[in-house]
Amino acid sequence: MVKRTDGTESPILAEDAGDGHDKPRLRYGELVILGYNGYLPQGDRGRRRSKFVLHKRTEPSGVKRSKHYIVQSPQTSKAILDANQHSISYTLSRNQAVIVEYKEDTETDMFQVGRSSESPIDFVVMDTLPGDKKDAKVMQSTISRFACRILVNRCEPAKAKIFAAGFDSSRNIFLGEKATKWQDNVEIDGLTTNGVLIMHPKGSFCGGNAKCGLWRECSVGGDVFSLRESRSAQQKGQPIYDECNILQDGTLIDLCGATLLWRSAEGLQHSPTKHDLEKLIDAINAGRPQCPVGLNTLVIPRKVNISDQVNQPYVYLNCGHVQGHHDWGQDENTGARRCPMCLELGPVVTLCMGLEPAFYVDVGAPTFAFNPCGHMATEKTVKYWANVEIPHGTNGFQAVCPFCATPLDGATGYIKLIFQDNLD
């Protein structure tokens with residue numbers, strides 16, 4: 001059994017431990033946090049990492065709805081007090097609540113996501129801040145401690161369903177008196193405070209032809225609704241009957257503070273690997289791109305956060321010309337630089353490779369970069385993300401670079417790169 005740093009034991013990590021003769025576990029898919037270029041700034045540790053791989057459990061861990069009933073004092077009810085019983089408590093008033101009991105489901109595996117470091121959470125997610133996150137600190141998180149749960153069918157892995165809220169250490173979910181909740185005929189359902197939003201892409205994520213779909217809200221029971229007027233409004237949206245909570249390759253999940261990308265196992269088979277991306281970097285460097293001012297050869301670094309080397313390339317964001325570090329054409333008042341190739345005046349930024357393979361919608365040369373951060377990727381990848389609106393604040397949306405979460409600038413949010421290479 002692998003021990004955690006918080007003193008608890010992880011059934012996820014424990015399943016990796018073995019004598020080396022166990023057959024590889026089936027991979028359901030990956031959850032990847034938008035805004036990180038392959039790993040967390042402090043390094044990936046245990047359940048706190050930039051992405052989480054969902055593997056088939058050794059034993060089924062899923063639960064399904066069993067029965068429900070009304071109680072006068074939910075805190076002392078048998079289901080709440082029983083640490084082995086999964087249950088959801090919907091508080092109607094101070095003296096009345098509906099308890100929904102859940103039973104073991106041998107056909108599914110359950111994975112939980114949230115801010116809490118308690119053992120029921122498989123993937124610990126903290127608020128994502130844009131840009132360089134080395135010394136970034138979040139004063140007050142808006143992500144729920146037990147944000148959501150995903151249930152994957154063990155026999156049909158393509159059926160991965162998402163539900164708002166996760167079970168705590170006592171295997172309970174509590175929706176307080178002020179939480180949005182409703183009862184349709186017999187069934188009761190509700191929404192969490194800041195909600196769990198999902199966006200299914202229209203079309204296949206792999207291939208780069210998909211379009212951004214509409215953002216919806218997922219309920220505790222797994223139903224899909226249009227968005228509330230604001231993030232934590234009391235009134236729920238309209239039910240969307242022709243959409244469901246089954247994740248598809250490229251589905252985005254917003255937890256109000258962090259946005260996750262779901263990549264299915266099948267989709268990842270058609271995506272580039274990290275090795276593929278490194279070979280693309282080598283191919284560009286093999287062309288020996290030069291700086292037209294310093295006449296030195298530029299080298300795109302294989303690792304992120306290496307920006308102080310002499311041969312580091314920079315890109316002029318208004319024209320796309322790639323050059324080395326020099327002081328030619330600098331405007332002392334604005335800090336902008338005039339490109340020596342085309343004399344266009346504008347900002348200059350370090351050029352760096354987008355190294356998280358899950359964000360790529362196709363395989364190809366990294367000929368475009370996001371504006372204003374300078375992360376390189378394929379043309380289709382850059383253009384796809386530039387047209388995806390990510391929830392921001394209580395009811396706003398903005399396009400961001402998936403590798404660093406920096407809001408995009410300019411009319412398009414990206415620039416085509418122009419290298420001066422293969423000059424021999």
Can a donor-acceptor pair be found between the side chains of [X] and [Y] at a distance below 3.5 Å?
X: Asp254; Y: Thr259; value: yes
X: Arg216; Y: Ser226; value: no
X: Glu118; Y: Ser169; value: yes
X: Tyr69; Y: Glu101; value: yes
X: Asp127; Y: Ser141; value: yes
X: Thr378; Y: Asp362; value: yes

Is there side-chain contact between [X] and [Y], with at least one heavy-atom pair below 4.5 Å?
X: Tyr28; Y: Asp109; result: yes
X: Asp189; Y: Asp223; result: yes
X: Val315; Y: Val349; result: yes
X: Thr128; Y: Leu34; result: no

Review point. Can you list the steps and then say if Tyr102 with His86 is a ring pair (Phe, Tyr, Trp, His ring centres under 6.0 Å)?
Key: CA-CA 5 Å; Tyr102 282 71; His86 285 89; 7.8 Å; no

Point to revise | Criterion side chain to side chain contact (heavy atoms under 4.5 Å, CB included) against Tyr414, the qualifying member of Glu379, Lys383, His375 | key: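 Running side chain to side chain contact (heavy atoms under 4.5 Å, CB included) over Glu379, Lys383, His375 with Tyr414 returns exactly one hit, Lys383.
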
Under a 3.5 Å distance rule, please check whether [X] uses its side chain to pair with a backbone N or O of [Y] as donor and acceptor.
X: Arg228; Y: Gln235; result: no
X: Asn153; Y: Pro157; result: no
X: Arg47; Y: Ser117; result: yes
X: Lys159; Y: Ile246; result: no

**Study point:** Stepwise side-chain contact (heavy atoms from CB on, under 4.5 Å) test for Lys56 and Arg27
**Key:** CA-CA 6 Å; Lys56 187 174 184 177; Arg27 179 173 65 167; over 6 Å; no

Rounded to the nearest 0.5 Å, how far does [atom2] of [Y] lie from [atom1] of [X]?
X: Leu40; Y: Arg48; atom1: CG; atom2: CZ; value: 5.0 Å
X: Arg115; Y: Ser144; atom1: CZ; atom2: OG; value: 7.0 Å
X: Gln323; Y: Ile418; atom1: CD; atom2: CD1; value: 10.0 Å

Check your understanding: Do the rings of His325 and Tyr314 sit parallel, tilted or perpendicular, given the 30° and 60° boundaries?
Key -> tilted

Review point. Would you call the rings of Phe359 and Trp385 parallel, tilted or perpendicular, where under 30° means parallel and over 60° means perpendicular?
Key: perpendicular

State whether the number of non-hydrogen atoms from other residues, nucleotides or ligands found under 6.0 Å of [X] atom [atom1] is greater than 12.
X: Gln234; atom1: CD; result: yes
X: His68; atom1: NE2; result: yes
X: Glu104; atom1: CD; result: no

**Study point:** Worked check of side-chain contact (heavy atoms from CB on, under 4.5 Å) between Ile121 and Val113
**Key:** CA-CA 6 Å; Ile121 295 297; Val113 182; 5.8 Å; no

Point to revise | Salt-bridge present (Lys274, Glu356; N to O < 4.0 Å) | key: no

Exercise for review: Carefully, step by step, assess Lys236 and Glu217 under the rule salt bridge (Lys or Arg N to Asp or Glu O under 4.0 Å).
Suggested key: CA-CA 9 Å; Lys236 72 177 189 295; Glu217 180 162 10; over 6 Å; no

Review point. Phe163: what forms a ring-ring contact (aromatic ring centres under 6.0 Å, His included) with it, not counting sequence neighbours?
Key: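 With neighbours one apart ignored, the set is empty.
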
Review point. Do you know which two heavy atoms are closest between Ile281 and Pro301, and how far apart they sit?
Key: CD1-O, 4.0 Å

Review point. How far apart are the C-alpha atoms of Leu298 and Asn285, what are their side-chain angles, what is the distance that settles it, and do they pass the side-chain contact (heavy atoms from CB on, under 4.5 Å) test?
Key: CA-CA 7 Å; Leu298 305 177; Asn285 290 336; over 6 Å; no

